[in-house]
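Working notes for the structure below.
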Amino acid sequence: MENTKADETIDMEMNFADALDEYLNSDFGDLDEGTIVSGEVVKVDKDYVLVDVNFKSEGQIPVSEFTESDGTVAIKVGEKVDVFVARKNEAEGTIYLSRDKAKRMQLFDKLEELQEKDGEVVGRIIRRIKGGYTVDLGGVEAFLPGSHVDLRPVPDMDALVNQEFDFKILKINRRRSNVIVSRRVLLEEMRSEQRDKLLDTLEEGQVVQGKVKNITEYGVFIDLGGLDGLLHITDMSWKRIKHPKEMVNLGDDLELKILNFDREGQKVSLGLKQLVPDPWENIAEKYPEGSRFTGTITNLADYGAFVELENGVEGLVHISEMSWTRKLRHPSQMVKVGEEVEVIVLGVDQDKKRISLGMKQISPNPWDVVAEKYPEGTVLEGAIKNITEFGVFIGIEEGIDGLIHVSDISWTKKIRHPSEVYKTGDSVQAKVLTVDKENEKFTLGVKQLTEDPWTQVPAKYPVGQKVTGVVTNITDFGLFVEVEEGIEGLVHVSEISRKKIKSPSEMYKEGDTIEAKVIHVSADERRLGLSIKQTKEEPARAAGGGKSKSFGGDSVSAGSTLGDLLREKLEEAAGDALAAAEEEAEAAVEETPETEAPAEEEESK
């Protein structure tokens, strides 16, 4: 019995020694620095977590490595955890562990494996840095270059922060803990796959969905899902637009029709307006000539205004078709964009998709009214609206003025400028001379209200009659003598005296009263020829007495001599010379604004 107890004691001592030897020597040598081992959590306190990794002592790990973002400690006693052996001391039996480093190394292993397999990794963009972004790959921070964020430049780079995306791993440097990722490479691969699928299904006439990718002046680029198509500005709407931005914005989803597809060149032409009927079909039937419609002014040009009759249908009102009476320099003087106007269809060209419209035709042509209301010879009264060098304009009807030319103001007065007689606002009575509807000219006359005094001159002043008058003007070729108000005669220098004189001013001055004999008169030519020297010869002839006799067919007094007869013949020739002199005088003295009137009149209009 005693022997049995002794044997048991010996066995127990041997088992303890073996266990101690196994504890001290068996596994401790397997823990290498820089490796990852599995351990068991034996204690969790305020600052540290103790992990048993089968070493002489437990390793301490800061509790912060197990703390979640919300502050909770995500570890419990008894849980298994992978840790990194940072350093160990065999002599002292101490060991330093790190859970973060273990997780980091495991993540790098996973990333390297994904890179080898050309796989993808999910990451969150956590902040923007110089040249790109920092991306959290679940414990490892990676660099995302700005050029690898998207297929095209990102308008708002800050908007991507805190968003998750799939990435491709471009480069890993474990020693420096550097990882470079790309989102663009992944998108390009996806785009290439989509393009290949899309190319197999696209065909002309097909209706597809697309997203507005870029907007230019000439059109819109549409992303069809792997392939870009062009929506030209002319294929966006049946109506005219200035810029595509009037209809679409970046990012808009559109339904479009394929107009043309080049499979080899991978080019697609798209249309938006082709999804709705062409409003120009049978346009002549919808808008027959002479019909009246209401439209909206959409655009103004120097040559006219565009009017929208319905969605996609515009017509042009030429500037000449906007007013019967106003001479417009620009359509903005009559209308503005957005204004509703009444128009009449003047013409339709379906092939060229053009409609000619008129605004003035809505109301009657006032020139038609004026022609009927004021026939030639009508006497009317109106206020002076404008005075020019060549005449005055009288307001007749709304937008229509009548012109009194300076030459039609007076029969007898020589008026150099109408302002000598009238001023703006004066009320004037005048007679209608002409109404030219085609050329839009309305002429009036004031002098025509009275009879031309020159019609009475031949009867009042026959040839041979003596007259008394006042010198009004002296020229080198003669004297102008007023015989009554508005009626002047000319004494040619050859009819002043039988003596040769250099200038009439040697003998007379303005204001002198003279007596002269009428030697020539013409109402049509408005000429009255006078002679001073012949009045002085008559007394001498009277003193000669005697009967008259015929000489060469002319009746000659008996006391006449051959010299007297020759003198009379010379006087007749002088009359002809006088007429020529008067023409010369009038050309030198009188101004002729009538020759300038048409151009000036047109300018005033």
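Small disclaimer: the values here were computed from a predicted structure and weren't measured.
A heavy-atom distance below 4.5 Å is not found between the side chains of Lys267 and Phe261. Looking at Ile384 and Lys423, their side chains never come closer than 4.5 Å, going by heavy atoms from C-beta outward. For the pair Tyr422 and Ile409, the minimum side-chain heavy-atom distance is below 4.5 Å. Side-chain contact check for Asn299 versus Ile297: every heavy-atom pair is 4.5 Å or farther apart. Within the 4.5 Å cutoff, the side chain of Trp324 has heavy atoms near those of the Ser363 side chain. Between Ile404 and Phe393, every side-chain heavy-atom pair lies at or beyond the 4.5 Å cut-off. Side-chain atoms of Asn249 and Val212, non-hydrogen and from C-beta on, never get closer than 4.5 Å to each other. In this structure the side chain of Asp252 never reaches within 4.5 angstrom of the side chain of Lys211, judged on heavy atoms.
In this structure, the side chain of Trp280 does not engage the main chain of Arg354 through any donor-acceptor pair within 3.5 Å. The backbone N or O of His492 lies less than 3.5 Å from no partner atom in the side chain of Glu495, so there is not a single donor-acceptor pair. Although no hydrogens or angles enter the test, the distance criterion places no donor-acceptor pair under 3.5 Å between the side chain of Glu281 and the main chain of Pro277. A donor-acceptor pair is defined here as one N or O able to donate and one able to accept, closer than 3.5 Å; no such pair exists between the side chain of Gln534 and the backbone of Ser531. Lys533 places a side-chain N or O within 3.5 Å of a backbone atom of Ser494 that can act as its donor or acceptor partner. Glu285 places no side-chain N or O within 3.5 Å of a backbone atom of Asn282 that could act as its donor or acceptor partner. Looking only at distances, a side-chain donor or acceptor of Ser522 sits under 3.5 Å from a matching main-chain atom of Glu525. Here the side chain of Glu321 pairs no donor or acceptor atom with the backbone of His318 at under 3.5 angstrom.
A 6.0 Å sphere centred on CG of Asn260 holds more than 12 heavy atoms belonging to other residues, nucleotides or ligands. When the shell of 6.0 Å around NZ of Lys286 is examined, it contains more than 12 heavy atoms from other residues, nucleotides or ligands.
Between Asp253 and Gln209, the side chains place no donor N or O within less than 3.5 Å of an acceptor N or O (distance only, hydrogens not considered). There is no side-chain donor-acceptor pair under 3.5 Å between Thr434 and Glu376. Under 3.5 Å, the side chains of Ser427 and Glu381 contain a donor-acceptor pair of N or O atoms. Side-chain N/O atoms of Thr472 and Glu510 include no donor and acceptor closer than 3.5 Å.
For the atom pair OG of Ser237 and CD of Glu246, the computed distance is 9.5 Å after rounding to the nearest 0.5 Å. For the atom pair Leu346 CG and Glu289 CD, the distance stands at 7.5 Å (nearest 0.5 Å). To the nearest 0.5 angstrom, Ser497 atom OG is 9.0 Å from Ile532 atom CD1. The distance from the CG atom of Leu479 to the CD atom of Glu488 is 11.5 Å, given to the nearest 0.5 Å. Interatomic distance, Leu403 CG to Thr443 OG1, rounded to the nearest 0.5 Å: 7.5 Å. Remark: Met247 CE to Met236 CE distance equals 5.0 Å, nearest 0.5 Å.
When all heavy atoms of Gly425 and Ala383 are compared, the pair lying nearest together is O-CB, 4.2 Å. Scanning both residues, Ile222 and Gly210, for their nearest heavy atoms gives CG2-CA, 3.5 Å. The nearest pair of heavy atoms linking Ile283 to Gln350 is N-OE1, 3.6 Å. A pairwise comparison of heavy atoms in Asp235 and Gln274 identifies OD1-NE2, 3.0 Å as the closest pair. Heavy-atom minimum distance, Lys273 versus Thr234: NZ-O, 2.8 Å. Here the shortest heavy-atom pairing between Val307 and Thr298 reads N-OG1, 4.5 Å.
In this structure, Phe306 has no ring-ring contact (aromatic ring centres under 6.0 Å, His included) partners at least two apart in sequence or on a different chain.
Note on ring orientation: taking the six-membered ring where Trp is involved, the planes of Phe442 and Tyr374 are perpendicular (angle over 60°, cut-offs 30° and 60°).
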Determine, step by step, whether Val421 and Val446 satisfy the side-chain contact (heavy atoms from CB on, under 4.5 Å) criterion, reporting the C-alpha distance in whole Å, the side-chain angles of both residues, the deciding distance to 0.1 Å, and the verdict. CA-CA 12 Å; Val421 183; Val446 173; over 6 Å; no
Could you walk me through whether Ile487 and Val457 pass side-chain contact (heavy atoms from CB on, under 4.5 Å), step by step? CA-CA 8 Å; Ile487 304 296; Val457 168; 3.9 Å; yes
Are Leu230 and Tyr218 close enough, and set up right, to give a side-chain contact (heavy atoms from CB on, under 4.5 Å), and what steps lead you there? CA-CA 10 Å; Leu230 174 62; Tyr218 57 86; 4.3 Å; yes
side-chain contact (heavy atoms from CB on, under 4.5 Å), that's the test. Do Ile387 and His417 meet it? Break it down for me. CA-CA 9 Å; Ile387 299 177; His417 197 284; 4.1 Å; yes
